[in-house]
Amino acid sequence: MSKTAGIPDISLPDPSRWKALVFIALAQLMVVLDATIVNIALPHAQLDLGISDGNKQWVITAYALAFGGLLLFGGRIADLWGRKRTFVVGLLGFAAASALGGAATGEAMMFGSRALQGAFGALLAPAALSLLAVMFTDAKERAKAFGIYGAIAGGGGAVGLILGGVLTEYLNWRWTFFVNIPFAVIAAAGAYFVIREPAGTRNRSTLDIPGVVLSTLGLVTLVYGFTRAESAGWSDGLTVSMFVASAVLLAGFVFTESKVKAPLLPLRVITERNRGGVYLSLGLAIIAMFGLFLFLTFYLQIVKDYSPVMTGFAFLPMIAGMITGSTQIGARLMTRVAPRLLMGPGFLVAGAGMLMLTQLEVGSSYAGLILPAQLLLGLGMGTAFMPAMSLATHGVRPEDAGVASAMVNTSQQVGGAIGTALLNTIAASATTAYVASHAAGATNQKLLQAQAMVHGYSNAIWWAVGILAAAAAIAFTLINTGRPGAGSVTAASGDGVEDEIKVPVVAH
């Protein structure tokens, strides 16, 4: 292997990489848990802190805006500071923000703590994924590592529903925040002592301040636009102006990145067709998944009258499916078949599970309909997530690993915001229309409301089926790499010197 003086060989595997994976996975689980665990606790927190109905959405929105808006910046900071340092700082900051949220005495303190959680989450999430990308360089080991990571990224949200239900029912809502502290402290201590980040993989270029400002404002306005659309409607003046402002800011960001010497997001990261295909198909799949989590939670608790704990446990088949799909199907086949032959069929299998749920009725059987549908969803998503997570950072220059990882999280975060707003709006419109058309002949108003609600869910789930079909089509069309193999890619050091560094690339 040719080497330029001063650039170290990073091809040797890190002997502590599997220990490091434990702490990286723990941190990822904490971040994903937090996205759903607070939803279960929200009604109790609202009552205790005197948060109005109009303001309660900010418990979720403050986190989403900070996390979604700062992800690209967080990814670039990881490349600049070093991923291990960024990861540890993000974990400790997340723990402190969680302590603040658990101790909140009013709505301002709660909203502030959630925004801080989002900001530190935006530091640690891309650092975690990029650490995997630079530490696991053998194709088979990389498949196993990303299989575990993909299972956690996909199934952690459902685990959050279980844990949120248990903590809220048997302790109180504050523990849904306090539970993050031991996760964060253990992961930070483990990372500090175990992780050895490969040398020569930092990007020491000057920070692209215009790119930071434009990307952060663009993503914040986009996420807020979708969040507001859910409550105020798509034709609301402020909602429309948020979308217009977001389009202008993000177009300005792309223009700036094409001109500056050291861009925040080098356009080569997203214009490569395989990575672009991953970001787009993954974002679409998350739209469908987030909508489903929301509808099934409401269906089980409101229509079926499940307790929070029962609702959480009702999601276990999906978690089992995701873990099986990711570690037993995706990880085993990833080094043998092309990624599109896992992602495309994976999204289609998940779509088949979603299609079953379009038949949802008030009296539907959990064992007969919901359980098998969840298994298909989990298997499909787990199989697709695994190669997607790996391919998103495969073949990137080592100094771009952080920002490429941030793009994975950004597509998921924006997809989640779109999914919640879009599918909720579709469901609400269908529910209203059903009530209006059936009200005259209804003798049982409570039954009518339940039927209308389920009709709304099934309408929205049809859209989710179509979205998963589109994700599969994009995976089959855009992603054209062969199965992973070993090769060389050209990587630039911080001073512009180019060298061959042996890292995994995909064989065409």
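- The shortest side-chain heavy-atom distance between L284 and S281 does not fall under the 4.5 Å cut-off.
- For the atom pair L250 CG and T221 OG1, the distance stands at 6.5 Å (nearest 0.5 Å).
- When the side-chain hydrogen bond (donor to acceptor under 3.5 Å, both in side chains) test is applied to Q359, no partner is found at least two apart in sequence or on another chain.
- When every heavy atom of P317 is checked against every heavy atom of L371, the shortest pair comes out as CG-CG, 4.0 Å.
- Under the ring-ring contact (aromatic ring centres under 6.0 Å, His included) criterion, W175 pairs with F178, sequence neighbours left out.
- R275 places none of its side-chain heavy atoms less than 4.5 Å from the side chain of I270.
- Counted within 6.0 Å of NZ on K19, heavy atoms from surrounding residues, nucleotides or ligands total 12 or fewer; the atom is thus considered open.
- Separation of the F295 and Y299 ring centroids does not fall under the 6.0 Å cut-off.
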For residues 115-123, tabulate all N or O donor-acceptor pairs below 3.5 Å that involve a side-chain atom, not counting sequence neighbours.
{"residue": "Q117", "atom": "OE1", "partner": "R114", "partner atom": "NH1", "Å": "2.8"}
{"residue": "Q117", "atom": "NE2", "partner": "S98", "partner atom": "OG", "Å": "2.9"}

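- With sequence neighbours excluded, no residue forms a ring-ring contact (aromatic ring centres under 6.0 Å, His included) with F87.
- We find the CE-CG distance between M356 and L377 to be 9.5 Å, quoted to the nearest 0.5 Å.
- Atom CG in L282 sits 10.5 Å away from atom CD1 in I287 (nearest 0.5 Å).
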request  = With side chain to side chain contact (heavy atoms under 4.5 Å, CB included) as the test, would you mind laying out the steps for V31 and L124 before giving the verdict?
outcome  = CA-CA 9 Å; V31 172; L124 75 90; 3.3 Å; yes

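- Closest approach of P126 and G74 over heavy atoms only: CG-C, 4.0 Å.
- Nearest heavy-atom pair, P387 versus L342, reported as atom, atom and distance to 0.1 Å: CG-CB, 3.8 Å.
- T105 OG1 to L100 CG: the interatomic distance, rounded to the nearest 0.5 Å, is 9.0 Å.
- Nearest heavy-atom pair across A188 and L91 is N-CD1, 3.5 Å.
- Contacts classified as side-chain hydrogen bond (donor to acceptor under 3.5 Å, both in side chains) and involving residues 448-462 (residues at least two apart or in different chains) are given here: H455-N459.
- Legend: residues meeting salt bridge (charged side-chain N to carboxylate O under 4.0 Å, His left out) with D236, ordered by chain and number and at least two apart, are R228.
- Ring planes of F177 and W173: perpendicular class, angle over 60° (limits at 30 and 60°).
- With rounding to the nearest 0.5 angstrom, the CG atom of L360 is 6.0 Å from the CD1 atom of I461.
- For the side chain to side chain contact (heavy atoms under 4.5 Å, CB included) with V179, the qualifying choice from L171, L167, V166 is L167, the only one to do so.
- Heavy-atom minimum distance, T216 versus L70: CG2-CD2, 3.8 Å.
- Side-chain contact between M343 and F385 is absent, with no heavy-atom pair separated by less than 4.5 Å.
- Atoms CD1 and CD1, on I186 and I181 in that order, are 12.0 Å from each other to the nearest 0.5 Å.
- Minimum interatomic distance between A430 and G456 (heavy atoms only, all atoms of both residues): CB-CA, 3.8 Å.
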